[in-house]
Number of protein chains: 2
Amino acid sequence: MVPARRGDLFDPACPTRRLLDRVGGKWVAMIVKVLAEAEPDELGFAELRRRVPGISHKMLAQTLRSLTADGLADRRVEPSTPPRVHYRLTDLGRSLDEPLAALREWAERHMPDIDDFARRGGTSP
Amino acid sequence: MVPARRGDLFDPACPTRRLLDRVGGKWVAMIVKVLAEAEPDELGFAELRRRVPGISHKMLAQTLRSLTADGLADRRVEPSTPPRVHYRLTDLGRSLDEPLAALREWAERHMPDIDDFARRGGTSP
DNA sequence: CCGCATCCCTCTAGATACTG
DNA sequence: CAGTATCTAGAGGGATGCGG
């Protein structure tokens, strides 16, 4: 990650794009939301999959893996047969949910405006 | 946009992903930030390009086009030779900058934590 | 039950070039 | 100077299958 294409080093003091590279993925924001709403409980893999409609087995595992690797989620393995694995947000992950919640709120409030504007082809009222 | 891959319709009541599909693009957030910081002035195409290091001519035009089509930015053509085109945020675009600013702030404050965690391989202190 | 590897397809975005 | 079209490489993400 953070490839530094060719000789072109972008400003290393711009963490926003790096954050969006992670959070802008197709499923990250939704999984963080679901985990945040489950607080203070943790969620099993299967339960998570049920609460994120449309996600594939692979993408859920992959996204959870990256969240765990980034310290945004904790992973707890229950040593049973079959083993069950549970996830919850870390403090860091919980703090990330705050700006994400602001974004969700904006989206719910204003996406209809964008849709209307786009549908009318940008004509003034 | 909002392709609805194959037969798989996701929940239409989830505008957050649709917003992230737009804002999560590589340049959108940065351009909105630059336009917001220039307020109340508008910025010419060339000036914008100077303020967004690393962006290509094509991607700047393309991103500005989508912002304009979504009603997030206004486009003003100065009928001179050569023609100059100026951009500024609309009220809607300006309101979007608020949650984006929250995200930027989080990124600046917490990306180092993520980096440290990843660098230590997720080891507890 | 959950994780990981493989294959494949689509979509993004960079390079380049032509028009107004 | 600004906008658009074409081509191409690479990443993201879906389906499937084996391993633990």
Side-chain angles (χ1 to χ4, degrees), chain A residues 1-10 17-18 20-31 35 42-69 73-88 122, chain B residues 1-10 17-18 20-31 35 42-69 73-88 122:
Chain A
M1 295 165 187
V2 195
R5 301 167 185 277
R6 302 221 281 158
D8 190 11
L9 299 181
F10 299 109
R17 175 158 22 186
R18 299 185 48 225
L20 282 169
D21 282 347
R22 298 167 184 244
V23 155
K26 195 170 180 181
W27 300 106
V28 181
M30 187 167 307
I31 291 177
L35 286 174
E42 51 187 13
L43 291 177
F45 186 92
E47 180 59 27
L48 264 166
R49 202 176 167 188
R50 234 168 285 128
R51 299 202 192 189
V52 182
I55 197 171
S56 68
H57 181 125
K58 173 193 156 184
M59 286 314 296
L60 181 55
Q62 187 170 303
T63 307
L64 287 169
R65 188 175 158 75
S66 89
L67 288 176
T68 304
D74 266 339
R75 184 187 132 101
R76 185 178 70 81
V77 181
E78 191 176 320
S80 56
T81 48
R84 305 204 73 199
V85 188
H86 299 262
Y87 295 88
R88 54 176 305 185
Chain B
M1 298 165 187
V2 196
R5 299 168 185 278
R6 302 225 278 157
D8 190 12
L9 299 181
F10 298 110
R17 175 160 22 188
R18 298 186 49 227
L20 282 169
D21 281 347
R22 298 166 184 244
V23 155
K26 195 169 180 182
W27 301 106
V28 182
M30 187 168 307
I31 291 178
L35 286 174
E42 51 187 15
L43 292 177
F45 187 92
E47 180 60 26
L48 263 167
R49 202 176 167 188
R50 235 166 287 128
R51 298 202 192 190
V52 183
I55 197 171
S56 69
H57 182 125
K58 174 195 157 186
M59 286 313 296
L60 180 56
Q62 188 171 302
T63 307
L64 286 169
R65 189 175 158 74
S66 88
L67 288 177
T68 305
D74 266 340
R75 184 187 131 102
R76 185 177 69 81
V77 180
E78 192 176 320
S80 55
T81 47
R84 304 204 75 199
V85 188
H86 299 262
Y87 295 89
R88 54 177 305 187

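Labels below follow one simple rule: chain letters A, B, ... track the order of the sequence lines, proteins then strands, and each chain is numbered from 1.
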Shortest side-chain distance from [X], nucleotide among [options]:
X	options	answer
F45(A)	dC1(D), dG3(C), dG20(D)	dG3(C)
K58(A)	dG14(C), dG3(C), dA15(D)	dA15(D)
M59(A)	dG3(D), dG13(D), dG3(C)	dG13(D)
W27(B)	dG14(C), dG13(D), dG20(D)	dG14(C)
A61(B)	dA2(D), dT4(D), dC2(C)	dT4(D)
S56(A)	dC2(C), dA15(D), dG14(C)	dA15(D)

Does the side chain of Y87(A) get closer than 4.0 angstrom to OP1 or OP2 of dG3(C) through an N or O atom?
-> yes
Phosphate oxygens OP1/OP2 of dC4(C): is one of them under 4.0 Å from a side-chain N or O of R65(A)?
-> yes
Which heavy-atom pair separates [X] from [Y] by the least distance, and what is that distance?
X	Y	answer
R88(B)	L35(B)	CA-CD2, 4.3 Å
M59(A)	T63(A)	O-OG1, 2.7 Å
F45(B)	L60(B)	O-CD2, 3.7 Å

Output the rounded distance in Å from [atom1] ([X]) to [atom2] ([N]).
X	N	atom1	atom2	answer
L48(A)	dC1(C)	CG	P	15 Å
H57(B)	dT6(D)	NE2	P	16 Å
L64(B)	dT4(D)	CG	P	11 Å
L43(B)	dC1(D)	CG	P	16 Å
R84(A)	dC1(C)	CZ	P	8 Å
L67(A)	dG3(C)	CG	C1'	16 Å
Q62(B)	dT12(C)	CD	P	9 Å
R17(A)	dA11(D)	CZ	P	16 Å

For side-chain contact (heavy atoms from CB on, under 4.5 Å), just list the numbers for Y87(A) and L67(A), CA-CA rounded to whole Å, side-chain angles, deciding distance to a tenth of an Å, and then say yes or no.
-> CA-CA 10 Å; Y87(A) 295 88; L67(A) 288 176; over 6 Å; no
What does R49(A) touch in the nucleic acid at a heavy-atom separation under 4.0 angstrom: a base, only the sugar-phosphate, or nothing?
-> nothing
Tell me, do L20(A) and V28(B) make a side-chain contact under 4.5 Å, heavy atoms counted?
-> no
